[in-house]
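We name chains A, B, ... by the order of the sequence lines, and we start the count at 1 in each one.
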Protein chains: 2
Amino acid sequence: MRTIGDVADSEQHPARRGRVAKREAILAAALRVFVQDGYAAAGIDRIAALAGVAKPTVYNHFGDKEALFRSVMLDSARRSAAKIIEALDARLGGRNAPTDDLAERLTDVAHVILECQLSDEGWALQRLLYAEASRMPDLYDEVARVGGQPVVNALAGWLARLAHRGELDVDAPETAASQFMTLIAGDLPALSALGTRPISQADLTAAVAAGVGTFLRAFAPGVDRPKQTSRAVSPTPRREGSR
Amino acid sequence: MRTIGDVADSEQHPARRGRVAKREAILAAALRVFVQDGYAAAGIDRIAALAGVAKPTVYNHFGDKEALFRSVMLDSARRSAAKIIEALDARLGGRNAPTDDLAERLTDVAHVILECQLSDEGWALQRLLYAEASRMPDLYDEVARVGGQPVVNALAGWLARLAHRGELDVDAPETAASQFMTLIAGDLPALSALGTRPISQADLTAAVAAGVGTFLRAFAPGVDRPKQTSRAVSPTPRREGSR
DNA sequence: CCAAAGTTAAACGGATGAGTTCAAATACGC
DNA sequence: GCGTATTTGAACTCATCCGTTTAACTTTGG
């Protein structure tokens, strides 16, 4: 049995005094340990040592390993979403469009969004979420609510503005925003082996370009196309009809 | 601490005699236990009991918990891919196109592909893969190779044939196939909370319709559009340039 | 300078589970 | 029918780790 690698700093003094500082130190340490070892293999002892506090302090603050895990996940999701939203606002809120080329702006936005997903921490959080989803079924919903929805909403708002200005032919901005994120991120799990392997800048650029390209093929204005095949085709003829 | 639910059959006699039969029984039992409890919480004792063999037999056959896990994952991926490929061949290989409407055929194929992903087992396998990806970095590649690539290839072949017949305007069938799967499956994690909650037939139909609709908006022929904006836009100006 | 509140470190209790050992049972060759 | 080799099942070893307890210590207020 071999350890995969120890946490670099084995003992980190609690950065500042006061209760909130300790809580933050514990959250940061727990994030690192959970990310590195996974939920089951993460030890409260190691988290406490890394945070520079005593083990009972961890239990005083969070009560439970599962509660600590939930706090870590929600906190990280919140921070991640806030970071993306801030970056998006800086680019989309300001009226200073850096360029008139829509493809370039979409590509820029795509990279902003992916920068979070592509970080080691982002991948690890996603893996943790997947791993414990069956044990904590409501956690995904909460994380999606505080971490995913705001980003999709911001993106949808921008797409709606673009559509209103005639730069895009989008009638359902929510759907288009979700599909945009899906298109630009779709290949990343395979390219990075779920985040366990670095992606080359070239692969990343190519994946984003392919996603943006297809998105524009679907939603660029000018071509006359039926609004949408919204008539839902029959679900599926239940297994092989074989006829 | 509460158990989530016991495996239904607590003791299953090994279906047949012989070595291969026992190996299969162990694999099936291990699949069920891993799916239900996750890698860390799955006990070899329970797997052996469910398979109707002795614990040392498990170690004799697979040597290790990790090796057993890998065998389970690869075996399941292989069977899943074979099932999808077979269903696709039954629909696409035969010259009996059930309908001329391309949207209907795409929707049908989408449901065939998703039927595997949507099963409890399919979701659980994906969660297991995500959960252990950091501990077994090569496992994802092997699973993708035996489970994912064949499906994408089959789909890409079909799309290429459609393009050759002029029914689609696709110049990169591999990319289009990957994007098709991404588009039809993109909303499912959110809708089903990573497979921990059943999806209503209506939601599933709507998600597939949205994906197929966007795919057709992008790749339906007839409209004249630039082949593809394959000129890669600059990656991203490295963080907030803030200029 | 003293007292009270909370925090620390260390050790403990209880439980779980991977992997091994060992005697008994089963299958098989002669 | 007998001896050999393999398989079984149950007990065992060893380690991990959650969560708690206890006693000493630090910090804060008077």
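One N or O on the side chain of Q179(B) and one on the backbone of A210(A) form a donor-acceptor pair closer than 3.5 Å.
Contact annotation for A48(B): no contact, since no heavy-atom pair falls under 4.0 Å across all strands. The residue A40(A) sits apart from the nucleic acid: no heavy atom pair falls under 4.0 Å.
Along DNA chain D, the nucleotide nearest to T57(B) and the one nearest to Y39(A) differ in position, and the one closer to the 5' end is contacted by T57(B). Nearer the 5' end of DNA chain D, as judged by each residue's closest nucleotide, is the contact made by A41(A), out of G63(A) and A41(A).
Set against dA10(D), dG17(C), dG19(D), the side chain of P56(B) has dA10(D) as its closest nucleotide. Checked against dC18(D), dG9(D), dT20(C), the side chain of A54(B) finds its nearest nucleotide in dG9(D).
Put simply, CZ on F69(B) is 16 Å from C1' on dA18(C), counting in whole angstrom units. Rounded to an integer number of Å, the gap from D64(A) CG to dC17(D) C1' is 14 Å. Rounded to whole Å, the distance from CG on L68(A) to P on dC18(D) is 10 Å. For D37(B) and dG17(C), the CG to C1' distance is 13 Å, given to the nearest whole Å. Taking atom CD1 on I47(B) and atom C1' on dG19(C), their separation rounds to 14 Å, with Å as the unit. In this structure, the CG atom of N60(B) is 13 Å from the C1' atom of dG9(D), given to the nearest Å. Residue L50(B) contributes atom CG, which lies 14 Å from atom P of dG9(D) at whole-angstrom precision. Summarising the geometry, the separation between CG on D45(B) and P on dA11(D) is reported as 12 Å, rounded to the nearest angstrom.
Contact check for T182(B) versus F215(B): no side-chain heavy atoms found under the 4.5 Å cut-off. Counting only heavy atoms from C-beta outward, the side chains of R79(A) and L31(A) approach each other to under 4.5 Å.
Sorted by first and then second residue, the salt bridge (Lys or Arg N to Asp or Glu O under 4.0 Å) pairs involving residues 189-206 of chain A (not counting sequence neighbours) are R197(A)-D141(B).
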Exercise. Checking side-chain contact (heavy atoms from CB on, under 4.5 Å) for the pair Y130(A)/L194(A): CA distance, chi angles, key distance, verdict?
Worked result: CA-CA 11 Å; Y130(A) 267 77; L194(A) 302 179; over 6 Å; no
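For K55(A) and dG19(D), a side-chain-to-base donor-acceptor distance below 3.5 Å is present, hydrogens and geometry of angles not being considered.
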